[in-house]
Amino acid sequence: MNPDILRERQNATFDIEKLTNILDGGAERTNRRREIREVLVLNDPDFDYGTPTSLPTMILKLREYGISDPVEINWYKSMYWGTGREALGLHYVMFLPTLYTQCDSEQFNKWVPLIIGTYAQTEMGHGTHLRGLETTATFDPATQEFVMHSPTVTSIKWWPGGRNPLFLPLIFLSIPLSASLFDLFLSGFALPTCSGIVIGDIGPKFGFDAVDNGYLKLEHVRIPRENMLMKYAQVKPDGSYVKPLSSKLTYGTMVFIRSLIVGNAGIVLSQCCTIAIRYSAVRHQSEIRAGEAEPQILDYQTQQHKLFPLLATAYAFLFAGQYMIDTYNRISGDINQGDLSEMPELHALSAGLKAFTTWTANTGIEVCRMSCGGHGYSRSSALPDIYVEFTPSCTYEGENTVMMLQTARFLMKSYRQVQAGQQLSGAVSYLNKVHHRVMAPQAVSSQLDLNLNTLVDLYEIRAAMLVELAAQSIQQESARGKCQEDSWNNSTIDLVRASDAHCHYMVLKMFRDKVDQIEDPGVHSVMSTLAHLYAIHGMGNFTGDFLQAGVLTGAQVPSVSKCLKGLLAEVRPSAVLLVDAFDHHDKMLNSVLGRHDGNVYEAMFEWARSSPLNRTEVHESFHKHLKPLQAKL
Ligand SMILES: CCCCC/C=C\C/C=C\C/C=C\C/C=C\C/C=C/C(=O)SCCNC(=O)CCNC(=O)[C@H](O)C(C)(C)COP(=O)(O)OP(=O)(O)OC[C@H]1O[C@@H](n2cnc3c(N)ncnc32)[C@H](O)[C@@H]1OP(=O)(O)O
Ligand SMILES: Cc1cc2nc3c(=O)[nH]c(=O)nc-3n(C[C@H](O)[C@H](O)[C@H](O)COP(=O)(O)OP(=O)(O)OC[C@H]3O[C@@H](n4cnc5c(N)ncnc54)[C@H](O)[C@@H]3O)c2cc1C
């Protein structure tokens, strides 16, 4: 083991295993995750790491081992595929959940165990604006069929993942918005089961290469009436339409996946922090004091300033992901029982946190890559691949700006309810105080009150202020004679800013609540330090907001920076131990820089030598192209 990394692991001030258990949701979950990883994957002789041929093996193994819990499926898949996406991701996270949530019992029993599918909602002309989708589904009572049709070029279904002839049906959204299971293909390499279907691949993408995103054009293709998913809405044999309790129930799968993406952003950021911080512990470069040995780059304050707030953010997002999934499970359970009262809040929370966490993680991955210098740009670091695979999450499952504006809709509605004298509950209850906000007591002192509860209060006040400013912008636009829609559009910068601040407050609050639950003193202490770092770093980034909210004075601004530097120094001794607690296996991380043993250079040389370009002493291109050219010169 590299001596630097060995030294970093001595004198731990907290129990790493206990922190890993907290991240997993308990010791039993950690044990189960490791059992899946060590026994069912790494020690499986059939396991040929991450090669496409292993996809069928993976599916059959999942069935052989009886792994059906979605989280355990993801644990298994992530060991098989490491940090990359794989062709079946969409099947597990969108196609199956749609069947689970939108099929009536007969359809569920008929389809769920048997098929692999995709989710074809987006069209070439519309991805965000679902009410603008053009594909039609026209019921023909004479034949008890729906006639599915793509009337225009912009109505061609565009992007469905895993849309190759190998795959079976797809969930199809069409006008009127209902989800019909559209059985297009038989298993295997069968051609379309009926004419009128034009499919293909949409061509090379920025990345996401393991997933073939396709296109699908339908020309009056008929499917049985029974293929409409009929849990919430039905078309009866006589053609009569039974409306769902809410038209938004059809959007349920998107809410589910957005909820998952929150925790996934934390996982991806934790992977990158593991790579960058372990590498920064073994990389020596330049000098701090003349004549002395080159220091670990992790001892440069700037390197700590790049990485430690991201480390804190990774923990914050992992805890936010746990909260999000628990909230999703609770509210979707109520919805299943017909209680839709909290559906708007679930939509607003999942939409906002999905955007907030993916935007932040997306930027953070690049900071981690650049903090590793040239070696970060090498594919051996895994950081370029992680970025390329993660960055579309800011677009898919709800484009982030649009998602922030959906959260803003909920915030504005809540604000108007407070103005009308209503008492709010839930995540926006802080708006009840928006008109009675008193200056925070600490604003009169020059010292920053570092109490975590006080910091949460400051973020709450900041969010309330920005919600009020956005509402006032809309009111001012209306007062200038603008219609409601234009008043809204002319305030969308403020609205996104308000939603962002609301999500920032929510994430810090969840982090504080999680820290409060930690009983082990050592773990509590180091997590409390990270939560403080997350809060103070945010105050440094948005100082203007806190000044404008009147909870920070000009005299206190220098102490924000001073406090930040102190917290960076406090995290330094535990940095490697904190990424060890994420428990990312080398095989899954697949990064030369992020190896647990820190033996980076030897591994990098081996990695380079294994390149196909080095298979021969002289590359064949010399003989094929250069040598003939030289002969003519
Ligand atoms: C299982 C374990 C696995 C773990 C894996 C871990 C993580 C996963 C990581 C990555 C994912 C992996 C694979 C997936 C990768 C790629 C696949 C990508 C797939 C896709 O992209 S699928 C397509 C996604 N498309 C969208 O998201 C479309 C976005 N657009 C919309 O949602 C809607 O058009 C809109 C923007 C919300 C507007 O809708 P609209 O009907 O026009 O409503 P409005 O007029 O704006 O509002 C009316 C009213 O309705 C409320 N509303 C809107 N949406 C919802 C909702 N979903 N739920 C509840 N309520 C909703 C809205 O709030 C308004 O209410 P008011 O009271 O304000 O009137
Ligand atoms: C890798 C990847 C995989 C995908 N997989 C699938 C899949 O399997 N199935 C599927 O159905 N789809 C899939 N998609 C499509 C994806 O869901 C859409 O791309 C996404 O919903 C965004 O819609 P759009 O592309 O139409 O962008 P647009 O909505 O056209 O966005 C373009 C710009 O317009 C802005 N904009 C749009 N509306 C508003 C508004 N109301 N207010 C302010 N600004 C606005 C956006 O903020 C953005 O800046 C995938 C996409 C990617 C990148």
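Note: hydrogens, waters and symmetry copies are ignored here, and every other heavy atom, side chains too, is used. For this chain, numbers begin at 1 and follow the sequence in order. Read the numbers this way: they start at 1 and go in the same order the structure lists the ligands and their atoms.
Pairing each heavy atom of S473 with each of N490, the nearest pair is OG-O, 4.2 Å. Closest approach of L383 and R369 over heavy atoms only: CD1-CA, 3.6 Å. Heavy-atom minimum distance, T357 versus V262: OG1-CA, 3.8 Å. When every heavy atom of F208 is checked against every heavy atom of E389, the shortest pair comes out as N-OE2, 3.1 Å. Here the closest heavy-atom approach between residue A316 and residue F511 is recorded as CB-CD1, 3.5 Å. Minimum heavy-atom separation, K354 to E397: CE-O, 3.8 Å.
Heavy-atom neighbours of K482 NZ from other residues, nucleotides or ligands within 6.0 Å: at or below the threshold of 12. Residue E64 places its CD atom among more than 12 non-hydrogen atoms of other residues, nucleotides or ligands, all under 6.0 Å distant.
At a 4.0 Å heavy-atom cut-off, ligand 1 touches N264 through the side chain alone. With a 4.0 Å heavy-atom cut-off, ligand 1 is reached by the backbone of E397 and by its side chain too. Under 4.0 angstrom from ligand 1, the non-hydrogen atoms of Y119 all belong to its side chain. At a heavy-atom cutoff of 4.0 Å, ligand 1 is contacted by no atom of L346, backbone or side chain. The side chain of F208, and not its backbone, has at least one atom closer than 4.0 Å to an atom of ligand 1 (non-hydrogen atoms only; side chain from C-beta on). When heavy-atom distances to ligand 2 are checked against a 4.0 Å cut-off, T492 has no atom that comes that close, whether in backbone or side chain. No part of E389 comes within 4.0 Å of ligand 1, judged by heavy-atom distances. With a heavy-atom cut-off of 4.0 Å, V211 does not touch ligand 1 at all.
Taking the ring centroids of Y430 and H502, they lie under the 6.0 Å cut-off. Aromatic rings from Y328 and F256 are positioned such that their centres are separated by under 6.0 Å.
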Evaluation steps, ring pair (Phe, Tyr, Trp, His ring centres under 6.0 Å), between H347 and Y251: CA-CA 10 Å; H347 167 52; Y251 293 3; 7.9 Å; no

Intermediate values then yes/no, side-chain hydrogen bond (donor to acceptor under 3.5 Å, both in side chains), E468 and Y415: CA-CA 8 Å; E468 185 156 56; Y415 179 81; 3.0 Å; yes

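The atoms of ligand 2 that sit less than 4.0 Å from any heavy atom of G161 are 7 (C), 8 (O). Those atoms of ligand 2 that come under 4.0 Å of a heavy atom in L405, given as number and element, are 42 (N), 43 (C). Using a 4.0 Å cut-off to heavy atoms of T401, the atoms of ligand 2 that qualify are 47 (O). Using a 4.0 Å cut-off to heavy atoms of G127, the atoms of ligand 2 that qualify are 21 (O), 23 (O), 24 (P), 26 (O). Of all atoms in ligand 2, listed by their number and element, those nearer than 4.0 Å to a heavy atom of P160 are 7 (C), 8 (O), 9 (N). Interface of T128 with ligand 2, defined as ligand atoms under 4.0 Å from a residue heavy atom, comprises 22 (C), 23 (O), 26 (O), 28 (P), 29 (O), 38 (N). The distance from ligand 2 to the heavy atoms of Q121 drops below 4.0 Å at these ligand atoms: 11 (O).
Checking atom 30 (O) of ligand 2 against the protein gives no heavy-atom contact under 4.0 Å. In this structure, atom 42 (N) of ligand 2 is in close contact with the protein, since a protein heavy atom lies within 4.0 Å of it. The nearest protein heavy atom to atom 21 (O) of ligand 2 is closer than 4.0 Å. Protein heavy atoms are found less than 4.0 angstrom from atom 15 (C) of ligand 2. The protein does not reach atom 35 (C) of ligand 2 closely, with no heavy atom under 4.0 angstrom from it.
Taking a 4.0 Å cut-off on heavy atoms, R258 registers as neighbouring ligand 1. Ligand 1 has at least one atom lying under 4.0 Å from a heavy atom of M94. In this structure, S393 falls outside the shell of residues with a heavy atom less than 4.0 angstrom from ligand 1.
The nearest non-hydrogen atom to atom 11 (O) of ligand 2, considering only L130, V93, T122, comes from T122.
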